[in-house]
Novice: 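Let me give you the structure first, and then I'll get to my questions.
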Amino acid sequence: MTAQTTVAPGFSKSPKGRVGMLGMIASESTFFGCFLVVYLFYIGRSLNGPYPGEVLELPIAATVCLLSSSITIWLATRALSRDRTNVFGLWFLATIVLGALFLVATAQEWSGLIYEHGLTIRTNLFGTTFYSLVGAHAAHVTIGIVLMTLVLVLSLLGYVHVRDSERVEMLSWYWHFVDAVWIAVFTVVYVVGR
Amino acid sequence: MPLTLVTLVRLVAVVLLAGAAGAASAAESIQPPSMFSPVSTPAAEILELSWLVIGITGAIFVVVETLLLVGIVRYRRGRKDDGREPAQVYASGPIEMAWTIVPIIIVAVLFLVTTRSIATLQKDSAPPGWLDVTLVGHQWWWEFRYPEYGITTANELHVPTSGPGGGRPTFLTLHSADVIHSFWIPQLAGKTDVIPNRENHMWIEPRESGLFVGQCAEYCGTQHANMLIRVIAHPPEEFEAWVQSQQQDAVDDPEVRAGRNRFLSTACVNCHRVTGTRADGSFGPDLTHLMSRATIGAGIVANNRENLIAWVKDPDHFKPGALMPAMGLGDPEVERVADYLLTLQ
Amino acid sequence: MTVIDSEAVAIGGVRQGWLDALHGWVTTVDHKRIGILYVGSALFFMVIGGVEISIIRLQLAQAEAHLISPQTFNRLFTMHGTTMIFLFGMPMLFGIANFVIPLMLGARDLAFPRLNAFGFWLFLFGGFLLYYSYLGAEGLYGAGSAPDIGWFAYAPLTSKTFSPGNSTDYWILAILVSGFGSMLTSVNLIATTLTMRCKGMTLMRMPMMVWIMLVVSVLVVLVIPPLTAAQVMLLLDRFLGAHFFDAQAGGSALLWQHLFWFFGHPEVYILMLPGFAYASEIIPVFSRKVLFGYPAMVAATVGIGVLSLGVWAHHMFAVGLSRDLNIFFTGSTLLVAVPTGIKIFNWLGTIYGGKIRFDTPMLFCLAFLAQFVVAGLTGVILAIAPLDWQLSDSYFVVAHFHYVIVGGLLFTIFGAIYYWFPKVTGRRLSETLGRWNFWLLVIGFQITFTTMHVQGLLGMPRRIYTYPADRGWEIWNQATSVGVVFQIAAVAIFAFNVWRSLRKGQIAGDDPWDAWTLEWSTTSPPPSYNFETIPEVQSRRPLWDLKHPDDPDGIHE
Amino acid sequence: MSWQDPERVEGIDLPAPTHWPIVTAFGVTLTFAGLVTSGLVTCVGFVTAIVAVVGWWRETLPEPREERIALRPPEQRAHAVVPVPGAVEHLTVGEAGHRVRIPVDIHRYSAGIRGGLVGAAAMAVVAVAYGLIAYASPWVPINLLAAMVIPSLAHADPAELSRFLPAAFGLAAVIHLGISILVGLIYAAILPMFPRRPVLVGGLVFPLLWSAVVWSSLGILNPALNERIDWVWFVASQFAFGLAAGFVISRTERVETLQTWPLAVRAGLEGTGLDRSGPDDPPREGPEA
Ligand code: HEA
Ligand code: HEA
Ligand code: CUA
Ligand SMILES: [Cu+2]
């Protein structure tokens, strides 16, 4: 009789969003997988320097920032699901700042590589694979930060509530994924690749 | 040979294909480049394996298509059908088991035999005593180097034959100067790609003398179609003679001085080599013994005065897109250059 | 909220102004209309791809012909392959899935309807971008040249050195864009299948088609990104001077091949599995028997999907892989024959004991069965590495894959169109014309593609714009070309049949084929909301249960 | 059926049509197209895409815009499916009922594996006996089997073949056991389809057929073996396998005698044709629902 009979059981929001996000993450994973494999394949095959061992340094600080941002975003989503919008905003801000710090660190690293060591994407295979892999990751971080900033602004304007926690959680999944990719990149580029 | 399944398949195939090939090229001298008329050890081994595979797949084909036909005929809806639905049968463990395992066994057998065949055919280095040839693929011609003899030639590969009591197989080392090509003479061996920044190998062992044709099999740009290969297998003595003639410096015939000078003062020398002259390019084929080759332009036209003139005037005439530019020489000059080229025995 | 009259938006509903109609189509998020858009554009691209190859066949009908220049020829086969795979094959199967799957699941739409529309438009604009290259890509010889690198675009032929100008970039970008579309649509299908099944529809009660499309979608999600990654690398090489595929800088030409075929091989199953899906729906209905061995079919589908991820280097047997790799990839490739065989035999098992009705959809599926076996067996021949050394890159390969793609996929696609056309439009396609279509296509197909095997065995490489007269290939090529005439006639009759039946076709009714899956329980065409109330099922064949309440399916499953 | 006759509902909410997807797609495509045409195109495309995405979001957040579609009037709805009881043909053999899983009696697959292993042992005994008698070495048949895969063995002399070679032994064992188990499984699956004399069929007919197939292709399958093979012994070893495996399997369970059934029925492929009622008999009624 009423409108409720018209709602298909499948139309409830949550599971399909999750499945969709998992699908996107799966495809992004194979995308990064290819760049990682190519990086591994080309290790030690550059015909000329600079070589990774000479110019790369462990980005410890950046890594700490990025990994800890996974914790802050988890705290943020938890706060939102408990309807504590202000706490949510704070943790979200923290996440954005940590992500931005990571980007700053990357930018510094790159400018050092380019201007001090003369390593560009054209220099050799190391440059080619390094900038594309790290760059692809940084691009994902940037997208994440833009999206999170949007959400933050909306929440400051009072548009974000518990009912959106599902969506914000999907965003956090994306962010966790970006973090996980960084662990792989870190291992391949800075540990194995040096 | 007893009349077995495989011989039967063989007979049928040979008759069919002989008809196929014969019908088309009755009068021509060139043997069609068919893998079914091998004259070299690897090609013959592959053909042996093919018979087995063709036999097995042929048998599967016959069985499955028969089952299908029988099914269609036997279970078509009859004229006087009562319109009732047939009994519904969901599955049958045993028969499914059977038709899973039978293919597994067939696949296992094929796999095992192929393993042996791959191990026999694929060689990574030349056994001692073999003739070494280095092959370089170019857009759209072939360069052949014989490091042992210091010879370089193009488009026509000369090798010795092996007799029944053994002989001298040829081991080819494959390189590319630009993009990927693939070296394929079906009567001698399977194809192997020719890849930049990578060294590949293959070997041939012709058991008959003669001319065997093939062509580049990997798409390599505009003139991929006209990157033909000619392999000439000689009896060993004849091969030695050929080697000796190739080791000579280029003929320097005073009668064609004019053409020679024109040639040497044109950009030809940047791309072509004629030993003993200042022509020392390697972008195009070595012309030192140009006239020992039966064709030009990687096998597309006969090597004669008329075609040489046409070629030098405008390579695009035979081979649109070829990487040799038209040099803009006037007609008489071209003819003189051609006369010079004609002396490069 | 205003209540909208459903008929106004239903397909073939009340007449609207054409502008309104157009607006309706471009803004629609209804899975059925998007499905129709997909199928329509796919057919459009198929005709384009067919015209391209017809020109090629004209050129090849004679030895040493000079009808078209080598450059034109190379562009034509590149565009033919690219168009047929990316702009005909994939969209066609996404289109049919779009229309049918929500109906089969008893859902109102896909999980993300707007994303669905987005995916479609990405594909279509990607296709336009590819064809814009004919006008826009200032290649080596001035304005206007399509890509000429072959559909698998092997490095280093695609590098700036060997492919100056922008034609290659058009190829990359167009496929990149439509690739995004495919990926989104697949994610959408996965989410729909996993979360929006109607009540009672457990995974093992889904129609076979849904299972297969689920596996296909997972494959798409996993293997399109490697293609995208490879294309991004190539773009970096071409635009920023990176060296991924640059042999001069120590880069590897084979890297591209590995990445491409890691995508490319699963891609061919992405194309063929939907064909299996249509056959798995059509053969039971027209044999009047339940699909034989459903669990085995599901297992085989998943098996094919998994195995297909580990066989890619069988396209690279001739590149000089190590012995061990050649042996490994021979073995893994051969293994695919096992689950595929299971499928073939299960379809045969379905036919056996049935009462076959030879309507056009069934004719196409039976021909598919007969032809696919040949295609698969030539695949097995190619999978034996030493044989592949002889046959790779020859017309035998061309014959093999057209036997699968045309003899298998195209036939099942026609079967599917004849099968679901009544559901989509409410009218049936003419059976008489359908038979003409079928027989002409069978004859044309056989003449064209059976002869191609011979050319390959006689040593004719593919992608050559001309060939010497003394090789013995000419009459075979002539036969191949003659077959195309029949195919053109078949496609033309099909087009005519669609055009005529849309206006004059026999009214179909809800369930013209006496079939068993949920899409036949609603009207033809279905209302935009698909079902008044969401169905509830007890078995794999809900309509069977309704038709034979004394003998329901569920207890046997 | 319940879901076939809907209660009256006012309408159904469906996602509203929107032009943002097409605009977004257009923007994205232009963004890429700009790379090969001009930067301006990229800019326009990018801006378009951003505007479209914002529009898209505004339409879907916080809740996606939907519109209510009126249900079609009842006369334009789908017809309820008409039940046709008793319209399905029956099986008369086996259990009562419309549909059964056939064949009814099957062997356990474990019996097949066991049979395969026993057969493998029997075959090995014969083969090794042959090795001892003909070459005074038990390793010859084993090495010959391995020669199917190892090219160097294919050209080995008798002395080499008489030696114990660990790699060849391992390989031969894997091939022998693997294929034996598979064949044992097939036996278990299809012996019930030949119910009259399972041991005769499985022990003699199949091995003979198999030997014939091997005979016709051994030259390619295993040239080394082909040169040295003694066909009498070979067939004997096949019989040993067939008899041992057939015996083990057919002992595990009694097979119902189905020899009056057509083969397709024995295989479990079809169910029609079992109805023994003649064509003139009236069609049987299904049990009342
Ligand atoms: C639609 C797609 C499709 C499908 C389904 C297949 C299916 C198969 N293909 Fe094919 N293939 C292509 C499309 C497809 N292919 C394309 C497009 C190319 C070329 C790309 C290019 O170069 O441009 C290609 C190229 C190609 C090659 C590379 C050739 C080369 O370039 O050198 C190989 C080599 O192994 C191969 C093998 C196979 C095999 C083993 C199967 C198997 O899946 C077949 C399995 C089926 C059967 C075997 C038949 C049924 C089974 C039975 C009846 C059971 C009993 C059988 C046995 C025990 C053997 N294919
Ligand atoms: C879905 C995939 C698909 C489909 C359906 C087809 C369909 C056909 N293909 Fe294609 N083909 C490929 C995928 C496909 N192909 C691929 C991937 C390649 C490799 C490309 C490469 O090497 O890079 C290839 C390559 C290829 C070649 C090799 C080219 C070469 O190597 O030089 C040939 C040669 O004959 C060929 C022929 C045909 C023919 C005759 C059809 C026919 O079935 C087409 C029939 C359809 C029509 C003819 C359209 C009907 C048109 C009308 C009704 C309008 C009227 C038409 C006219 C007036 C002309 N194809
Ligand atoms: Cu060289 Cu094709
Ligand atoms: Cu493949």
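Each chain gets a letter, A, B and so on, in the order the sequences are listed, and its residues count up from 1.
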Novice: I need the full list of ring pair (Phe, Tyr, Trp, His ring centres under 6.0 Å) pairs touching residues 317-342 of chain C, with sequence neighbours left out, sorted by first then second residue.
Specialist: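 Counting only pairs at least two positions apart or across chains, the ring pair (Phe, Tyr, Trp, His ring centres under 6.0 Å) contacts touching residues 317-342 of chain C are C/W312-C/F329.
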Novice: Does B/C220 form a side chain to side chain contact (heavy atoms under 4.5 Å, CB included) with C/Y154? I'd like the steps, not just the answer.
Specialist: CA-CA 9 Å; B/C220 50; C/Y154 275 2; over 6 Å; no
Novice: Pick from C/I381, C/V374, C/I384, C/T378: which one makes a side-chain contact (heavy atoms from CB on, under 4.5 Å) with B/T57?
Specialist: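 Only one option passes, and that is C/I381.
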Novice: Where on B/A108 is there a heavy atom nearer than 4.5 Å to chain C: the side chain, the backbone, both, or neither?
Specialist: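 Neither part, no heavy atoms under 4.5 Å.
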Novice: Can a donor-acceptor pair be found, under 3.5 Å and without considering hydrogens, that links the side chain of B/R198 to the backbone of C/L254?
Specialist: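 Absent.
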Novice: Nearest 0.5 angstrom please: C/R323 CZ to B/D124 CG, how far?
Specialist: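 Reported to 0.5 Å precision, the distance equals 6.0 Å.
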Novice: Side chain, backbone, both or neither: which part of B/Q122 has a heavy atom under 4.5 Å from chain C?
Specialist: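 Both parts, heavy atoms under 4.5 Å.
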Novice: Counting only non-hydrogen atoms closer than 4.5 Å, does B/V70 touch chain C with its backbone (N, CA, C, O), its side chain (CB onward), both, or neither?
Specialist: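 Both parts, backbone and side chain.
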Novice: Keeping the roles fixed (side chain from B/E85, backbone from C/K355), state whether a donor-acceptor pair exists under 3.5 Å.
Specialist: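 Side chain of B/E85 to backbone of C/K355, a donor-acceptor pair under 3.5 Å: no, none is there.
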Novice: How about C/W389 and B/P42: do any of their side-chain heavy atoms sit closer than 4.5 Å?
Specialist: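 With C-beta onward as the side chain, the pair stays apart.
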Novice: Considering residues at least two apart in sequence or located in another chain, which fulfil the ring pair (Phe, Tyr, Trp, His ring centres under 6.0 Å) criterion with C/H400?
Specialist: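 C/H400 satisfies ring pair (Phe, Tyr, Trp, His ring centres under 6.0 Å) with no other residue.
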Novice: Side chain, backbone, both or neither: which part of B/I195 has a non-hydrogen atom closer than 4.5 Å to chain C?
Specialist: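 Answer is side chain: those atoms of B/I195 sit under 4.5 Å from chain C.
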Novice: Using the six-membered ring wherever Trp is involved, compare the ring planes of C/F77 and B/Y219 and label them parallel, tilted or perpendicular (cut-offs 30° and 60°).
Specialist: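 If you compare the ring of C/F77 with that of B/Y219, the planes turn out perpendicular.
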Novice: Please output the residues of residues 295-302 of chain B in contact with chain C, using a heavy-atom cutoff of under 4.5 Å, in numerical order.
Specialist: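 Interface residues of residues 295-302 of chain B: none, nothing closer than 4.5 Å to chain C.
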Novice: To the closest 0.5 Å, what do you measure between CZ (C/F345) and CD1 (B/I95)?
Specialist: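 Rounded to the nearest 0.5 Å, the CZ-CD1 separation comes out at 9.5 Å.
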Novice: A side-chain contact here means heavy atoms from C-beta on lying under 4.5 Å apart; do B/Q139 and C/F162 qualify?
Specialist: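 With C-beta onward as the side chain, the pair touches.
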Novice: With sequence neighbours left out, what residues match C/D393 under salt bridge (charged side-chain N to carboxylate O under 4.0 Å, His left out)?
Specialist: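 Scan of C/D393 (salt bridge (charged side-chain N to carboxylate O under 4.0 Å, His left out), adjacent residues dropped) gives C/R462.
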Novice: Just wondering, do C/R471 and B/L228 contact through their side chains at under 4.5 Å, heavy atoms?
Specialist: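 Yes, side chains in contact.
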Novice: Assess whether side chain to side chain contact (heavy atoms under 4.5 Å, CB included) is satisfied between C/I327 and B/F111, documenting all intermediate values.
Specialist: CA-CA 8 Å; C/I327 290 171; B/F111 172 69; 3.7 Å; yes
Novice: For the residue pair B/Y90 and C/Y294, is the inter-centroid distance of their aromatic rings smaller than 6.0 Å?
Specialist: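 No, too far apart.
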Novice: Can you list the steps and then say if C/L377 with B/V64 is a side chain to side chain contact (heavy atoms under 4.5 Å, CB included)?
Specialist: CA-CA 11 Å; C/L377 292 173; B/V64 180; over 6 Å; no
Novice: What residue in B/L47, B/I60, B/I72 has the most heavy-atom pairs under 4.5 Å with chain C?
Specialist: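 Greatest number of close heavy-atom pairs with chain C: B/I72.
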Novice: When you measure from the side chain of B/N200 to the backbone N and O of C/V319, does any donor-acceptor pair fall under 3.5 Å?
Specialist: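 Flag set: sc B/N200 to bb C/V319 pair under 3.5 Å.
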